[in-house]
Q: 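Shown below is the structure under consideration.
In each ligand, atom 1 is the first atom listed, and ligand 1 is the first ligand listed. These numbers come from the heavy atoms of this one structure, side chains and all, not from hydrogens, waters or symmetry mates. Residue numbers count from 1 along this sequence.
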Amino acid sequence: MPAPRPPLEEVLLVRSLATVTPADPESETKCRLAAAVDSASEEILELSHRIHDHPEVAFEEERAAGWVAEVLTRHGFSVENPAGRLATAIRAIRRGGRGRAGPRIGILAEYDALPGLGHGCGHNTMAASGVGAAIALASIADELPGEIVFFGTPAEERGSGKQIMIDDGLFEGIDAALLFHPCDRSHVQSFPLASEDVEVVFHGLQAHASADPWRGKNALDAMILLFTSVGLWRQQLRPEARVHGIIQEGGTAANIIPERTKAWFMLRSADQGYYVEMAERFREMVDAAARATDTTADVTFSGGARTMKPNPTLEARWVDNAAAYGIVDQGPDPNSGSTDMANVSWVCPTIHPELSIAPEGTPGHSIKFRDAAATPTADRTTLLAAILVAQTAWDLFAGPELLAAAWRDFRAAGDPPAATASGPQ
Ligand SMILES: [Zn+2]
Ligand SMILES: [Zn+2]
């Protein structure tokens with residue numbers, strides 16, 4: 001597919017980023033990183049728009065992963081795709097010219113879309129900015145100690161691809177992990193909720209819904225009871241807890257007693273321990289609905305995401321680097337979702353900074369946000385994010401004391417909290 005040239009106004013916006021004086025320390029090198037993003041801007045934005053135009057859902061991001069791998073190969077990375085057991089995962093390494101002794105800094109990128117919506121979370125901008133940051137760092141690879149390690153991480157929206165990559169050992173030896181996520185606000189601190197996907201299937205027995213309904217066992221009644229229980233439960237839940245779901249199979253005809261129904265729920269909480277209590281309670285509600293309707297149920301928990309371990313040292317450095325570009329941190333987002341980047345935060349110092357691509361109040365996971373992810377504003381933010389991720393990574397390569405401070409934060413924050421039902425034990 002031919003690469004469309006970005007319109008002139010986008011190119012001019014990029015030039016304005018390359019003329020900014022970056023934050024100290026190392027502002028001269030950071031300036032060269034910004035210039036490298038500038039030089040590659042056409043390639044970066046073309047990637048963002050191509051992924052936006054061809055959305056692929058969790059675990060099926062074959063084209064996106066292929067395009068990302070292609071660009072990284074072109075810029076001298078040694079690329080594994082697949083990486084570990086996931087066909088659409090990538091690990092791409094570029095060794096620095098100052099020897100292997102040095103940090104291994106991870107730059108992460110997601111590229112999955114939402115079913116029926118497309119890139120309503122804007123992961124196209126994250127993929128492109130991550131690649132852009134990797135390209136910029138590769139341009140000064142001769143000056144780097146250690147390694148740039150790019151991770152293409154599938155299945156963030158469902159399935160916790162990063163946890164699978166952690167389990168596959170791909171994050172072993174990584175000293176810090178960075179990414180950028182698009183948002184309607186700009187902030188570095190995130191407090192994502194512990195979360196899990198739950199599939200519920202009720203099994204009943206078919207019968208004619210008018211002639212002999214008493215011979216049937218109604219799997220839809222079980223599902224309605226479960227939704228009713230969940231609806232009542234919400235009043236008793238703590239304010240930061242969430243439970244929500246959709247019915248994916250509700251029967252096949254009005255004149256057949258449904259023998260099978262299926263739903264996809266998500267349970268979430270800001271408190272990992274409370275999440276575990278919620279999961280137990282939810283299982284009891286499923287059992288109760290099955291008993292009341294003389295049906296049976298299968299419950300499958302998967303894709304556990306944790307709460308996040310913050311890293312104040314890395315957060316402060318990001319805020320400084322962003323401030324040089326006029327970004328004022330708006331403070332933690334009060335509206336939390338969940339992310340498997342939180343699972344990485346228990347492996348090494350990690351940040352999950354977000355930058356605005358849309359007017360404040362634009363709902364995430366919506367058509368509005370999807371459309372915002374392909375505008376000139378999003379393009380400029382994608383390039384800015386590439387610059388800031390590269391600069392913050394450079395701070396870690398160039399400043400062993402910064403990395404040591406990030407690890408002190410990491411150790412001081414203690415051990416992981418209790419796991420999710422499907423997560424690591
Ligand atoms: Zn997202
Ligand atoms: Zn999302």
Side-chain angles (χ1 to χ4, degrees), residues 47-48 51-52 54-61 64-65 68 88-89 107-131 133 151-165 177-197 242 244-246 264-268 270 302-308 332-345 350-358 361-375 378 381-382 385-386 389:
L47 181 66
S48 176
I51 293 174
H52 191 271
H54 298 89
E56 298 164 301
V57 299
F59 300 113
E60 296 175 17
E61 314 94 327
V68 166
T88 55
I107 293 172
L108 278 69
E110 298 158 9
Y111 29 67
D112 58 331
L114 291 153
L117 178 58
H119 277 289
C121 209
H123 291 177
N124 59 300
T125 65
M126 185 199 292
S129 70
V131 168
F151 292 98
T153 63
E156 190 276 340
E157 296 293 357
R158 182 179 192 182
S160 275
K162 292 184 194 61
Q163 184 59 51
I164 296 169
M165 293 177 76
L178 314 171
L179 54 60
F180 142 78
H181 196 291
C183 188
D184 66 330
R185 303 165 73 252
S186 294
H187 61 100
V188 68
Q189 279 192 309
S190 281
F191 298 99
L193 309 177
S195 164
E196 220 159 356
D197 295 303
R242 295 283 184 275
H244 42 94
I246 59 166
W264 171 14
F265 284 90
M266 295 186 80
L267 307 183
R268 311 196 203 218
S302 65
R306 291 180 174 281
T307 51
M308 187 142 179
D333 199 332
N335 309 318
S336 287
S338 306
T339 174
D340 56 3
M341 190 61 170
N343 298 34
V344 177
S345 77
T350 296
I351 49 171
H352 190 276
E354 308 200 0
L355 294 170
S356 170
I357 63 162
T362 306
H365 289 192
S366 69
I367 289 172
K368 275 189 178 173
F369 200 84
R370 178 196 69 193
D371 293 348
T375 58
T381 303
T382 298
V389 169

Q: To the closest 0.5 Å, what do you measure between CG (Leu47) and NE2 (His52)?
A: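 Reported value, rounded in 0.5 Å steps: 13.0 Å.
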
Q: Could you tell me the separation between the CD1 atom of Ile357 and the OG1 atom of Thr362, rounded to the nearest 0.5 Å?
A: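 It comes to 8.5 Å.
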
Q: Using 2.8 Å as the threshold, say whether any N, O or S atom from Glu156 sits that close to the Zn ion (ligand 2).
A: no

Q: Search all heavy atoms of Cys121 against all heavy atoms of His365 and return the closest pair with its distance.
A: SG-NE2, 3.4 Å

Q: Side chains of Glu56 and His54 only: does a donor on one sit below 3.5 Å from an acceptor on the other?
A: no

Q: To check your reading of the site, what angle at the Zn ion (ligand 1) do NE2 of His181 and NE2 of His123 form, to 10°?
A: 110°

Q: Rounded to 10°, how many degrees is the angle SG/Cys121-the Zn ion (ligand 2)-OE1/Glu157?
A: 150°

